[in-house]
Amino acid sequence: MDSKTGAAGGAKSGPRVRFAPSPTGYLHVGGARTALFNWFFARHEGGTMILRIEDTDAERNKPELVEGILEGLRWLGIEWDEGPYHQSERTELYRAAAQKCLDNGSAYLCYCAAERYAGGDHAEEEGAGGKVRRVVRCACRDGKPTSAEGQPGVRFKVPLGGTTRFQDAVFGAREFSNEEIEDFVLLRSPRGEETAGQPTYQLAAVVDDIAMRITHVIRGADHISNTPKQVLLYGALGAEPPVFAHLPLILGADRTRLSKRHGATSVTSYRDEGFLPEAFRNFLALLGWSAGGDQEFLRTSELIGKFSLEHVLRTNGVFDRAKLEWFNTQYLQKLPIEELLPEVEAELKRSKLWKEEWASGAGHEWFAKTVDLLRPRVRLLPDFSSWSRAFFSDEFSYNEAAREKFWKKEPRLPEFLGQLAGALEALAEWNHDACEHALRGVAEAAGVKAGVLINATRVAIVGEAVAPPLFESMLALGRERVTGRLRAALPAVQESCKA
RNA sequence: GGCGCUAUGGUGCAACGGUUAGCACGCGGCCCUUUCAAGGCUGAAAUACGGGUUCGAUUCCCGUUAGCGCUACCA
């Protein structure tokens, strides 16, 4: 059995955890947080992280649905040590386990395929609210099948009395009355050509957690109610249950569970918008967990270093996009420049602005300085190719609002900008102070405030009202570009002045 | 309906019996300033309600209310 787990590989001795998503086509935010916390825990403890695909349901057993999950994990930088294992390939293991339960009397064959729980001791009841109360035991359990037709499924035989307990690292000691636990299905009744049924989630998860020697089950709090069933199964299969750690749910702004209704819910959509993975990790880490103090800006290495299940909250949290954006700007500004550069490079490649000359040597130096100049104003990666475009390309347009704001104040602007171009060309040295001196000289001679010229020049050379300080921008662009763009802008400025 | 979980500003987190209830996002103001950001200072804003326990409750207990989760031969 062990050989099928692939557990022979890593020789690590620490805890073993798993992230076990169901293939839904993409990794959603809640799943990402669960994966992240498993990963933090494994890395912090020197343990092993396993990836397991829970595709026992035929609907979900499709390769393309798994790919989206892997894509999300890769973007987040979450590395797993084993897997991905696919439950759809381990069916025999689950059938054997179901048979074991049948053999030792902890499960029974159930024929009530169509009408669930038709008959039985706890027949249907009308609830006070008019709703149908769940029936928890089936007549088949006592060997009195309501129908012997068709193929039977396998149900777990939950003890009639007593309680089931487990330890939760987040929620503490939990205890459930067995009366409240239904006889859940282990193996579905065989369909069509099948001679044996397909396993359900409850069975497959427990069998795998045992086989893979999982020590800590870290998952969403929506599984708390499932846990007693699984604890019972561990007992029936003769295994010790792991430590459970349930994570609070992530809610949308309306405080309901995060779903497609709330817009972007797939992590790759955040990648596509231009968020940095580390900013996203930092943000997600603080949803349901804190290091205990006031520190919020925590690099991933710090997150791993400080992570502990004891500090996981029990309260559901709301996904606050504004704060995510704040984290992104923080990382954009504070990341060591060499860590940011590859991200910007990828962005410029996406927008077809990238030039190979920036990959090394003097070109790379210029690129690094320019990105550093731009980054205090950037909120998302695409900003590097939108309003920063003129720094990387000669093809750019003048922002309409910027023209309105800065090219209409002074009718003689074209004249002054022409003078400025000349003054800059005449400069003996091309540096910040020389440029500033030249511009202020032109402004003084023209009798206008320096700001008028500064703002008008900015629009002329970068096309935007939003840009880094003018003289630094000029240095980044170089003398020829600056003077060339000043002259090239003249007709457009003329036009704006007249209007 | 049943079972379970939770409850600190609008949001995310601190304070694990004694604090003028702290930090951050967001929002407002001021400073800085050639644009826009960033940054600094600053303002408004919270312990759901009711009972206990205690010299003392945000903190412990009970109840109420509200929200959420589970209640499938989905996971």
Side-chain angles (χ1 to χ4, degrees), chain A residues 20-24 54-57 59-60 87 110 112-114 116 125-134 136 153-155 171 174-177 179-182 184-191 197-202 204-205 219-228 246 248-249 251 253 255-257 283 286-297 311 313-327 329-330 332-333 375-379 387 402 405-406 436 439-440 449-459 462 464-471 473:
Chain A
S22 171
T24 49
E54 310 234 317
D55 54 0
T56 55
D57 185 36
E59 295 277 305
R60 313 204 191 203
Q87 291 191 325
C110 180
C112 308
R116 294 183 251 169
E125 295 170 14
E126 282 299 315
K131 288 193 175 181
V132 179
R133 191 183 171 203
R134 181 171 46 91
V136 293
V154 177
R155 271 187 202 281
F171 288 86
R174 297 291 98 185
E175 182 177 316
F176 288 80
S177 165
E179 296 295 328
E180 299 297 331
I181 306 170
E182 65 175 330
F184 52 99
V185 171
L186 262 25
L187 234 42
R188 302 174 175 117
S189 45
R191 305 275 183 222
Q198 296 294 328
T200 60
Y201 158 75
Q202 307 287 2
R219 72 219 317 185
D222 48 340
H223 285 290
I224 290 179
S225 302
N226 286 324
T227 309
H246 288 99
L249 270 17
L251 312 177
R255 293 210 143 268
T256 65
R257 201 172 166 181
F283 168 72
L286 263 31
L287 220 50
W289 177 85
S290 89
D294 281 340
Q295 194 187 355
E296 293 207 288
F297 185 88
H311 281 100
L313 273 342
R314 302 203 273 240
T315 50
N316 295 166
V318 173
F319 186 93
D320 181 8
R321 189 192 157 97
K323 187 135 186 180
L324 203 213
E325 289 187 13
W326 177 79
F327 269 114
T329 61
Q330 292 298 304
L332 248 8
Q333 281 170 52
R375 65 168 163 171
R377 267 149 265 262
V378 172
R379 293 191 72 79
W387 62 258
K405 194 172 175 190
F406 296 122
E436 178 161 9
L439 182 139
R440 289 188 186 279
K449 285 202 286 187
V452 172
L453 226 47
I454 286 169
N455 291 329
T457 302
R458 178 180 300 106
V459 180
V462 302
E464 296 284 337
V466 180
L470 181 68
F471 303 112
S473 297

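Naming convention: chains lettered A, B, ... in sequence-line order (proteins, then strands); numbering from 1 in each chain.
No engagement by A/Pro21 is indicated, since no non-hydrogen atom pair under 4.0 Å with the nucleic acid exists. When heavy atoms are screened at a 4.0 angstrom cut-off, A/Trp289 is found touching the sugar-phosphate backbone but no base atom. In this structure, A/Phe471 reaches the bases: a heavy-atom distance under 4.0 Å links it to at least one base atom across the strands shown. Residue A/Pro248 is out of contact with every strand shown, counting any heavy-atom pair closer than 4.0 Å. Residue contacts for A/Glu325: at a heavy-atom cut-off of 4.0 Å it reaches no nucleic acid atom on any strand shown. Across all strands, A/His223 comes closer than 4.0 Å to base atoms (heavy-atom distances). Within the nucleic acid shown, A/Arg458 comes within 4.0 Å of at least one base atom, counting heavy atoms only. Among the protein residues, A/Gly317 comes within range of the sugar-phosphate backbone only, with heavy atoms under 4.0 Å from sugar or phosphate atoms but none that close to a base. When heavy atoms are screened at a 4.0 angstrom cut-off, A/Gly220 is found touching no nucleic acid atom at all. Among the atoms of the strands shown, only primed sugar atoms or phosphate atoms (P, OP1, OP2) are found under 4.0 Å from some heavy atom of A/Gly292. Within 4.0 Å (heavy atoms only), A/Ala450 reaches no atom of the nucleic acid at all. Across all strands, A/Lys449 comes closer than 4.0 Å to no nucleic acid atom at all (heavy-atom distances).
Remark: A/Pro190 engages A/Gln151, A/Glu194 in a side-chain contact (heavy atoms from CB on, under 4.5 Å) (not counting sequence neighbours). For A/Phe471, the ring-ring contact (aromatic ring centres under 6.0 Å, His included) partners are A/His432, not counting sequence neighbours. Scored by the salt bridge (charged side-chain N to carboxylate O under 4.0 Å, His left out) test, A/Arg257 finds A/Asp222 as partners (sequence neighbours excluded).
Atom CD in A/Gln198 sits about 15 Å away from atom C1' in B/A75, given to the nearest Å.
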Dot-bracket notation for RNA chain B, counting Watson-Crick and G-U pairs under 3.5 Å, with | for partners on another strand = (((((((..((((....[...)))).(((((.......)))))....(((((..]....))))))))))))....
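Ranked by how close their nearest RNA chain B nucleotide is to the 5' end, A/Leu187 and A/Pro469 are led by A/Pro469. Mapping A/Leu470 and A/Ala221 onto RNA chain B by nearest heavy atom places A/Leu470 closer to the 5' end of the strand.
For B/G12, the base has a donor-acceptor partner in the side chain of A/Glu296 [N/O atoms by modelled type, under 3.5 angstrom]. No hydrogens or angles were tested; on distance alone, a donor-acceptor pair under 3.5 Å links the side chain of A/Asn226 to the base of B/A75. Between the side chain of A/Ser189 and the base of B/C73, a donor-acceptor pair under 3.5 Å is found.
For the OP1/OP2 pair of B/C74 and a distance below 4.0 Å, the side-chain nitrogens and oxygens of A/Ser22 include no atom meeting the criterion. Taking only side-chain nitrogens and oxygens, A/Arg314 never comes nearer than 4.0 Å to OP1 or OP2 of B/C16. For the pair A/Arg257 and B/C70, the criterion of a side-chain N or O lying under 4.0 Å from OP1 or OP2 is met.
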So which protein nitrogen or oxygen atoms get under 3.5 Å of nucleotides 37-48 of chain B's nitrogens or oxygens?
from: B/A37; atom 1: O2'; to: A/Pro376; atom 2: O; distance (Å): 3.0
from: B/A38; atom 1: O2'; to: A/Gln333; atom 2: OE1; distance (Å): 3.1
from: B/G39; atom 1: OP1; to: A/Gln330; atom 2: NE2; distance (Å): 3.4

Can you check each nucleotide of nucleotides 62-67 of chain B against protein heavy atoms at under 4.0 Å and return B for base, S for sugar-phosphate only, - for none, in 5' to 3' order?
-> ------
